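In what follows, a structure is listed as structure tokens, so that the remarks can point back to it.
Since we're looking at a predicted model, the values are computed, not measured.
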Amino acid sequence: MQTFFIILFCILYVVCGILMCWQESKQKPLPFLLAILLCFIITPIGVYFLFRFLPNKNPLGCVHCGNNKNEAEYCGTCGKNLLGDFHPTWNKN
């Protein structure tokens, strides 16, 4: 009975790792097969933190100044958000 739960836990762990790699590889530049390989080398939790620090495949960008690499709420170049409001601490001069 104890080995059944260990096997069940391992199957769920692998399935959750594969689903996490599939979902995150759609949004991040790390390919799915490389993510699966890293899940077997490192743990899926380690690969999840690796995905968190990778940039997005298609960042939103800034619609005001054309900064294509902007991923934050406020643009680092012009200081505006999507609605055109300036960041509260941004120097507007």
**Report entry** Joint hydrophobic cluster, Leu33 plus Leu38, side-chain heavy atoms closer than 4.5 Å
**Finding:** no
Report summary line: Contacts of Asp85 meeting side-chain hydrogen bond (donor to acceptor under 3.5 Å, both in side chains) (sequence neighbours excluded), chain-then-number -> none
Query raised in the report: Taking only residues two or more places apart in sequence or in another chain, which ones pass side-chain hydrogen bond (donor to acceptor under 3.5 Å, both in side chains) with Lys28?
Result: Asn56
Query - Within-4.5 Å side-chain heavy-atom neighbours: Thr77 and Cys65 - result: yes
Report task. State, yes or no, whether a side-chain contact exists between His64 and Cys78 at a heavy-atom distance under 4.5 Å. Result -> yes
Got a list of side-chain donor-acceptor pairs under 3.5 Å for residues 3-24, not counting sequence neighbours?
none

Query raised in the report: At what distance, to the nearest 0.5 angstrom, does CG of Leu30 lie from CD1 of Ile36?
Result: 10.0 Å
Side chains of residues 43-55: which donor-acceptor pairs under 3.5 Å do they make with residues two or more places apart or in other chains?
residue, atom, partner, partner atom, Å
Thr43, OG1, Gly46, N, 3.2

Report task. With sequence neighbours left out, write down each residue that passes ring-ring contact (aromatic ring centres under 6.0 Å, His included) with Tyr74, or none if nothing qualifies. Result -> His87
